[in-house]
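No experiment lies behind these values; they were computed from the predicted model shown.
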Amino acid sequence: MGITRNEIVVEAQGWIGTKWQHQQAKKGVACDCAGLARGVYAEVSGTHVEVMDYPQSWHLFKKEERLYETCQELMDEIALTDIKPGDVLLFAFRPRFVSHHLGIYIGRNLFIHSDMDAGKVIVSRLDSFWKTRLRSAFKFREVVD
């Protein structure tokens, strides 16, 4: 059974305003960026993804691309030029950092993500700030194009 891109976008929009909290994935309660993707995926696919244990600041001292590798296991990597609504975007805030933030692209150069600084799930423009930090993109394997 397939998932449409619209189902992913609509579900992700339902998470807007959810409080940011490390390692959580409960719509309307709390989530971090990975929890947002896990929660959206669980709602649209009916499949629960195990939580990998990660400290809040792991990206500051680890060289392992754990988030990227987890995405590779669960999704199909796509070219950054092929991003469509419903795809998952991975970011790194500094050139030498590993990928440690993600969001869900919703089209019109916008994406939804759980932003620690904002303290909640928000919509952001994929502007020059975010584009320079964009490292890779993935789509859920069940997506029907």
Side-chain angles (χ1 to χ4, degrees), residues 3-45 49-145:
I3 301 168
T4 68
R5 292 179 177 282
N6 188 58
E7 288 173 315
I8 297 166
V9 170
V10 168
E11 180 60 32
Q13 289 170 330
W15 288 68
I16 294 171
T18 298
K19 182 178 97 171
W20 183 93
Q21 187 174 343
H22 181 63
Q23 285 193 329
Q24 297 301 308
K26 294 182 179 120
K27 180 167 60 172
V29 179
C31 68
D32 60 7
C33 65
L36 171 66
R38 281 193 333 269
V40 167
Y41 180 72
E43 289 296 321
V44 297
S45 73
V49 175
E50 294 261 339
V51 178
M52 69 173 183
D53 187 33
Y54 53 95
Q56 190 171 325
S57 61
W58 64 269
H59 63 280
L60 297 175
F61 58 89
K62 298 282 186 183
K63 296 294 182 195
E64 303 163 358
E65 284 280 1
R66 291 176 65 193
L67 183 59
Y68 174 81
E69 290 167 1
T70 300
C71 287
Q72 274 187 316
E73 290 173 21
L74 302 171
M75 297 178 271
D76 293 328
E77 190 165 5
I78 58 172
L80 294 177
T81 55
D82 294 338
I83 296 168
K84 295 178 184 169
D87 290 336
V88 175
L89 310 177
L90 265 65
F91 301 92
F93 291 124
R94 296 196 181 138
R96 292 190 185 107
F97 277 19
V98 296
S99 297
H100 61 278
H101 186 64
L102 60 78
I104 298 173
Y105 186 67
I106 60 170
R108 300 176 320 280
N109 222 30
L110 301 170
F111 69 103
I112 294 173
H113 59 121
S114 186
D115 187 289
M116 184 171 66
D117 292 334
K120 61 186 176 183
V121 176
I122 61 172
V123 176
S124 291
R125 180 160 296 288
L126 192 57
D127 58 13
S128 60
F129 173 85
W130 287 105
K131 281 185 179 175
T132 60
R133 288 151 177 84
L134 183 60
R135 295 293 184 266
S136 50
F138 293 86
K139 77 173 192 173
F140 296 123
R141 290 194 172 119
E142 297 86 349
V143 167
V144 179
D145 281 315

Engineer: Do you know which two heavy atoms are closest between A25 and R38, and how far apart they sit?
Structural biologist: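 Smallest heavy-atom distance, with atoms named: CB-NH2, 3.4 Å.
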Engineer: Nearest heavy-atom pair of A37 and L102: which atoms, and what distance?
Structural biologist: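 Taking A37 first and L102 second, the nearest heavy atoms are CB-CD1, 3.6 Å.
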Engineer: Stepwise, does the side-chain contact (heavy atoms from CB on, under 4.5 Å) test hold for L89 with L126?
Structural biologist: CA-CA 10 Å; L89 310 177; L126 192 57; 4.3 Å; yes
Engineer: What's the shortest heavy-atom distance between L90 and V88, and which atoms?
Structural biologist: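 Looking at all heavy atoms of both residues, the shortest contact is CD1-CG1, 4.0 Å.
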Engineer: Could you tell me if the side chain of V121 sits less than 4.5 Å from the side chain of C31, heavy atoms only?
Structural biologist: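 With C-beta onward as the side chain, the pair touches.
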Engineer: How far does OG of S136 sit from CG of L80, to the nearest 0.5 angstrom?
Structural biologist: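 So the OG of S136 and the CG of L80 are separated by 7.0 Å.
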Engineer: Could you give the distance from CD1 (I8) to CD1 (I3), rounded to the nearest 0.5 Å?
Structural biologist: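 Taking CD1 in I8 and CD1 in I3, the distance rounds to 5.5 Å.
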Engineer: Look at the side chain of R135 and the backbone N and O of R133, then say whether any donor-acceptor pair between them is shorter than 3.5 Å.
Structural biologist: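 Answer holds: yes.
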Engineer: Which atom pair, heavy atoms only, marks the closest approach of I104 to A12?
Structural biologist: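 Looking at all heavy atoms of both residues, the shortest contact is CD1-CB, 4.2 Å.
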Engineer: Under the salt bridge (Lys or Arg N to Asp or Glu O under 4.0 Å) rule, what pairs show up with a residue in residues 5-31, not counting sequence neighbours?
Structural biologist: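 Listed by first then second residue: R5-D87, R5-D145, E11-K27.
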Engineer: Quick check for you: to the nearest 0.5 Å, what is the distance between D82 atom CG and K139 atom NZ?
Structural biologist: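 If we round to the nearest 0.5 Å, D82:CG and K139:NZ are 9.5 Å apart.
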Engineer: Mind checking what makes side chain to side chain donor-acceptor pair (under 3.5 Å) contact with R141, not counting sequence neighbours?
Structural biologist: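 In terms of side chain to side chain donor-acceptor pair (under 3.5 Å), with neighbours along the sequence ignored, R141 is linked to D76.
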Engineer: Can you name the ring-ring contact (aromatic ring centres under 6.0 Å, His included) partners of W130, sequence neighbours left out?
Structural biologist: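 Result, ring-ring contact (aromatic ring centres under 6.0 Å, His included) vs W130: F91, F93, H101, F111, H113.
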Engineer: Can you pull out every salt bridge (Lys or Arg N to Asp or Glu O under 4.0 Å) where at least one residue sits in residues 111-127? Sequence neighbours excluded, please.
Structural biologist: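 As it turns out, there is no salt bridge (Lys or Arg N to Asp or Glu O under 4.0 Å) pair with a partner in residues 111-127 once direct neighbours are skipped.
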Engineer: Do V49 and T70 come close enough that some side-chain heavy atom pair is under 4.5 Å?
Structural biologist: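 Side chain of V49 against side chain of T70, heavy atoms only: no contact under 4.5 Å found.
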Engineer: Sequence neighbours excluded, which residues qualify as side chain to side chain donor-acceptor pair (under 3.5 Å) partners of N6?
Structural biologist: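 N6: no side chain to side chain donor-acceptor pair (under 3.5 Å) contacts found.
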Engineer: Taking all atoms of both residues into account, what is the closest heavy-atom pair of I78 and I83, and its distance?
Structural biologist: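 Closest pair (atom of I78, atom of I83, distance): CD1-CA, 4.2 Å.
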Engineer: When you measure from the side chain of E65 to the backbone of S99, do you find a donor-acceptor pair of N or O atoms at a distance under 3.5 Å?
Structural biologist: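 Such a contact is found between E65 side chain and S99 backbone.
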Engineer: With heavy-atom distances below 4.5 Å as the criterion, would you say the side chains of N109 and K131 are in contact?
Structural biologist: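 With C-beta onward as the side chain, the pair touches.
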Engineer: Does a side-chain heavy-atom distance below 4.5 Å link L67 with V98?
Structural biologist: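 A side-chain contact under 4.5 Å is absent here.
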Engineer: What pairs with F140 under ring-ring contact (aromatic ring centres under 6.0 Å, His included), at least two apart in sequence or on another chain?
Structural biologist: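 By the ring-ring contact (aromatic ring centres under 6.0 Å, His included) rule, F140 matches Y41.
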Engineer: For the CD atom of Q21 and the CE atom of M116, what is their distance to the nearest 0.5 Å?
Structural biologist: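 CE of M116 is found 13.0 Å from CD of Q21.
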Engineer: Any chance you could measure Y105, atom OH, to I112, atom CD1, to the nearest 0.5 Å?
Structural biologist: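 Result: 12.0 Å between the selected atoms.
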Engineer: Let me confirm one number: the CZ-SG distance from R66 to C71, rounded to the nearest 0.5 Å.
Structural biologist: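 Going from the CZ atom of R66 to the SG atom of C71 covers 12.5 Å.
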